[in-house]
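Worksheet: one structure, shown below.
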Amino acid sequence: MGHTNESEIRLHGINVSPGICIGKAYLVGKEGVDVVDKYFISKDNLENEIKRFKSAVKHAKDKLQEIIKTTPEELRQHIHILETHKILYKDKMLYGKTIETIEKKLVNAEWALKNVVSNVKNMFRNMPDPYLQGRMADIVHVSESIMQNLVGAKTLDIRAIAKRVILVAVDLSPAETSQIQLEKIKGLITDLGGKTSHTGIIARTLEIPAVLGLEKATHLIKNDDIIIVDGTEGIVIVHPTDKTLIQFEERQSNYEIHKAVITRSSHLPAKTTDGIKLEVMGNIELPEEVVSVINYGGDGIGLYRTEFQYLSQLGFPDEHDLFDNYKDVVEVMAPNPVTIRTLDISGDKTVSYASNSDEKNPVLGLRGIRYCLKNPDVFKTQLRAILRASAFGPVRILLPMISCHDEVLAAKKILNKAADSLDKEGILFNDKIEVGIMIEVPSAAIMADVMAKDIDFFSIGTNDLIQYSLAVDRVNTQVAHLYQPLNPAIIRMIKFVADIAKDNDVEVCMCGEMAGDPVNIPILLGLGINNLSMNPQSIPTIKKIIRSLNVKDAALFVKDVLKETTETGILELLFSTYDNFLFDLGYTEL
Ligand code: PEP
Ligand code: MG
């Protein structure tokens, strides 16, 4: 299969959907969108031009409606994404602004639209947050479909593909991705897009391997080239040698076997060999991800990051919209709990309409709870929505970025006000709702004994806790080697919080990425972490590891770990003590 004179090329991208596939590339392109003419129109033609634009929007929207109607069963849960796109067609920033540009500048609709979209892109450019990039991609997808209608270009029809191929595209919109038929498409790769893009989410649901953000895949790959997509590692290999092919065929079959074994047992409880049960829960950003938490055997939602709903629109969502979303998640997940984290915008997740963009150090700025306490109306609206959802199943509230005791008290005061207002209106909610705080700032860890008196649970957010404790930017690749989850300082900090939690009879959960990495589990068990929350796909593996471990041994092991002074020392100890399960998972070296 791999006979070719061209040499093997390896491309590295973002691993958005795990698994390996090998097959022929099928390049999908969009016509007529890149080149847009500019011409002026006369005042007399203004009305016609606007009509032409409106009609292009209508056609694009109708086409989307048709896609929604014919979406296959396994993707019905994602209709919501397409519905969001439908709303975007009439979005003020896109629809309103384009009409305004046509009127003010007397230019053709294509040019006006192109201008508006490039302004939107510029606005989002300085916001590195992946959610925002994803939302920008939504606007671009919608505008492209309008543009296709304006210039009369052919649209991409993925359903028409007749052979079994791997899709290669600059970008795929959620509407296009949702047309994928599993019996035809083995995997997909794109130049653009990232982990939290909707395309990535859909690929994960379909369980097809996908690597996005490859930058130049469409330049390097031709139709019918043999390619290997490793969605687990985020690698794409073009023109693989026979040796590489054999190697990846073997990996592919190992992966399938491993996945089948793990998934089969994913609904068993995560109980250690000495009978301690941990709740292994899922982290979600979008309501539709609840389904994967359930499919992967999650015991609940340990972290519902609620920023997305604020980032995906152009003004603050109202209580009703928020409530609808939370209620959906709670009802689907019941009787298992849903931990809803209050808004953690600002910092690196800037929301344009709530902007305070000239902060020098946004990560140390007005983010998380700080933002909410400064904007109590925004906070109260969200708290009312969460409380209302608590009438439909077990809900817990989680406060992000707590750095001092005052913040806990102030947040609880607003929560009480929100509860009182619902009470007065006779609206039902759980008046004993549990409230927890994220431990992600070292000062909160140090004050944990004080905090413990006022809250029901801790959730250790290691993504930020590591960043703030070690003074290492979590997204700066220059210092990535210093971002060490198993640094002795981090282990001591977690131990400090876990011990206080135990003394105060407060539950301690971990919801940072550290919780979903198999290597860390013996240490987390030994430290006395009660529950873990992670990306849904990691749940089956982590549950399986927990079932093979013993808390007593893990606690003894942690005693030795605490004597080590470097992360390397800890890793060496870990690999020499737990070589069995680490080897089974495919870890062969440090
Ligand atoms: C964390 O900081 O560990 C966390 C879970 O929150 P986020 O990744 O949303 O900052
Ligand atoms: Mg955080």
Side-chain angles (χ1 to χ4, degrees), residues 127-135 194-196 279-286 289 293 298 300-312 338-351 361-372 382 396-403 407 411 436-445 448 457-476 480 483-487 489-491 493-494 497-498 508-517 520 524 527 529 531-536 538-539 542:
M127 306 176 187
D129 182 75
Y131 295 116
L132 279 181
Q133 296 302 327
R135 299 318 52 88
K195 207 154 211 153
T196 51
E279 306 292 332
V280 178
M281 297 179 283
N283 293 351
I284 63 164
E285 272 109 32
L286 298 166
E289 287 173 295
V293 176
I301 307 288
L303 172 65
Y304 178 5
R305 293 180 167 104
T306 56
E307 293 77 65
F308 169 76
Q309 216 181 340
Y310 292 78
L311 298 168
S312 64
V338 177
T339 312
I340 304 181
R341 184 174 74 181
T342 59
L343 193 53
D344 190 17
I345 50 163
S346 294
D348 56 344
K349 297 173 204 154
T350 321
V351 172
N361 288 309
V363 172
L364 302 179
L366 191 67
R367 63 172 291 197
I369 196 71
R370 303 170 181 182
Y371 177 87
C372 287
Q382 185 180 31
R396 317 200 298 169
I397 295 177
L398 179 58
L399 306 170
M401 276 301 291
I402 294 288
S403 64
E407 287 167 342
I437 58 169
M438 293 281 292
I439 299 285
E440 48 187 348
V441 179
S443 57
F457 65 98
F458 291 135
S459 191
I460 304 180
T462 48
N463 305 342
D464 279 316
L465 188 63
I466 297 168
Q467 151 163 285
Y468 295 129
S469 302
L470 301 179
V472 178
D473 182 347
R474 65 193 251 191
V475 293
N476 181 344
Y483 190 90
Q484 302 175 338
L486 292 178
N487 184 295
I490 300 300
I491 294 179
M493 181 101 60
I494 298 170
V497 176
V508 57
C509 178
M510 178 175 285
C511 64
E513 289 303 306
M514 193 174 171
D517 188 342
N520 302 325
L524 299 182
L527 286 171
I529 301 296
N531 299 320
L532 302 169
S533 193
M534 61 204 63
N535 74 64
S538 305
I539 295 172
I542 299 294

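Counting convention: from 1, in listed order, for ligands and their atoms alike. Quick caveat, the model's predicted, so the values are computed rather than measured.
The ligand atoms of ligand 1 that sit less than 4.0 angstrom from a heavy atom of Cys511 are 5 (C). Each of the atoms 3 (O) of ligand 1 lies under 4.0 Å from some heavy atom of Gly512. Annotation for ligand 1: atoms under 4.0 Å from non-hydrogen atoms of Gly461 are 1 (C), 2 (O), 3 (O). Here is the list of ligand 1 atoms found below 4.0 Å of a heavy atom in Leu303: 5 (C).
Across all their heavy atoms, Leu343 and Glu307 have their closest contact at C-OE2, 4.0 Å. Smallest separation of non-hydrogen atoms from Met510 and Thr462: CE-CG2, 3.6 Å. The shortest non-hydrogen separation linking Pro442 to Leu465 is N-CD1, 4.0 Å.
By the criterion of a heavy-atom distance under 4.0 Å, the side chain of Arg341, and not its backbone, is placed next to ligand 1. The proximity of Asp464 to ligand 1, defined as any non-hydrogen pair under 4.0 Å, involves the side chain as well as the backbone. Residue-level proximity to ligand 1 for Asn283 is absent, since no heavy atom of it falls below 4.0 angstrom.
Looking at heavy atoms from C-beta onward, Asp473 lies out of side-chain contact with Val363 at the 4.5 angstrom threshold. Contact annotation: the side chain of Asp464 never approaches that of Met438 to less than 4.5 Å [non-hydrogen atoms, C-beta and beyond]. Side chains of Tyr468 and Leu364 form a contact here, defined as non-hydrogen atoms less than 4.5 Å apart. For the pair Asn531/Met281, a side-chain contact is recorded, criterion being any heavy-atom separation below 4.5 Å from C-beta on.
The Mg ion (ligand 2) has an N, O or S atom of Asp464 under 2.8 Å away, backbone or side chain.
Screening Asp517, Ile466, Ile491 for a side chain to side chain contact (heavy atoms under 4.5 Å, CB included) with Leu486, the sole residue that qualifies is Ile491.
The minimum distance between the Mg ion (ligand 2) and any N, O or S atom of Glu440 involves atom OE1.
Heavy-atom separations between Met438 and ligand 1 include at least one value shorter than 4.0 Å. Using a 4.0 Å heavy-atom cutoff, Met514 is absent from the residues neighbouring ligand 1.
Considering backbone and side-chain N/O of Glu440, one or more are found under 3.5 Å from N/O of ligand 1.
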